[in-house]
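Below, each value reflects all heavy atoms present in this structure, side chains not excepted, and no hydrogens, waters or symmetry copies. Just so you know, these numbers come straight off a predicted model, no measurement behind them.
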Amino acid sequence: VKVAALGLDPHRHLGKTLQQVEPALRRLNVEFGSHICGEGGEFESLTLNAPVFRHGRIVLDQTEIHIHSPDPITPVGLLRVLKYHVEAKDEDFTGESRRTAPAEVIDVIGTVTSPLLSNSKHSNTSEPLEGEGE
């Protein structure tokens with residue numbers, strides 16, 4: 001997740017929903033002509049819930065802001081996801097009830113503790129992944 005546009009402040013705008021930053025995006029459109037969808041600057045988003053997410057929605061448990069460029073006019077900042085988990089959905093986007101087994105927390109920096117990935121080579125093991133440690 002990233003911001004790099006005139007008027008967007010990484011410390012104020014990263015980690016927010018589009019609904020939360022919409023007023024700022026509309027203001028930037030009026031003041032600087034920046035397109036509300038990011039043209040005239042740049043911002044990236046991360047989808048945490050959608051109809052295609054069959055196993056649940058993504059919940060960010062721990063994040064940090066990394067300032068890539070502290071430019072006083074157009075600072076560039078990245079939101080780094082440190083930990084997240086998948087939370088079961090009670091309803092899908094059609095309103096139908098659905099139940100899925102909750103996954104465990106995934107530590108993006110270290111190990112993976114999700115039962116969904118336990119048979120994967122990316123699971124919680126001490127063996128290096130292909131191409132690592134060679």
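- Annotation: salt bridge (charged side-chain N to carboxylate O under 4.0 Å, His left out) contacts of Arg12 (sequence neighbours excluded): none.
- Lys89 places a side-chain heavy atom less than 4.5 Å from the side chain of Phe53.
- Tracing side-chain contacts under 4.5 Å through hydrophobic residues (I, L, V, M, F, W, Y), one never reaches Val76 starting from Val81; they form parts of separate clusters.
- Legend: residues meeting side-chain contact (heavy atoms from CB on, under 4.5 Å) with Gln19, ordered by chain and number and at least two apart, are Thr17.
- When all heavy atoms are compared, the tightest approach of Ala88 to Arg57 is O-NH1, 3.6 Å.
- Counting only heavy atoms from C-beta outward, the side chains of Ile73 and Leu6 approach each other to under 4.5 Å.
- Side-chain atoms of Asp61 and His85 include a donor-acceptor pair closer than 3.5 Å.
- Gln62 pairs by the side chain to side chain donor-acceptor pair (under 3.5 Å) definition with nothing, not counting sequence neighbours.
- Between Lys2 and Leu78 the shortest side-chain heavy-atom distance falls below 4.5 Å.
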Full working for side chain to side chain contact (heavy atoms under 4.5 Å, CB included) between Thr63 and Val1: CA-CA 11 Å; Thr63 61; Val1 183; over 6 Å; no

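- Between Thr47 and Asn49 there is no side-chain heavy-atom pair separated by less than 4.5 Å.
- In terms of the side-chain contact (heavy atoms from CB on, under 4.5 Å) criterion, residue partners of Leu28 (sequence neighbours excluded) are, by chain and number, Leu8, Phe32, Ser34.
- With sequence neighbours excluded, no residue forms a side-chain contact (heavy atoms from CB on, under 4.5 Å) with Ser45.
- For Glu64, the side chain to side chain donor-acceptor pair (under 3.5 Å) partners two or more places apart in sequence, or in a different chain, are Arg80.
- One distance of note links CD1 of Ile36 with CG of Leu25; it measures 5.5 Å at 0.5 Å rounding.
- For Ile65, the side-chain contact (heavy atoms from CB on, under 4.5 Å) test picks out Pro10, His11, Leu14, Ile67, Leu79, with sequence neighbours left out.
- Remark: Glu22 engages Arg26 in a salt bridge (charged side-chain N to carboxylate O under 4.0 Å, His left out) (not counting sequence neighbours).
- Linking ILVMFWY side-chain heavy atoms closer than 4.5 Å, directly or via other members, places Val30 and Val21 in two distinct hydrophobic clusters.
- Counting all heavy atoms, side chain and backbone alike, Val59 lies closest to Glu87 at CG2-CB, 3.7 Å.
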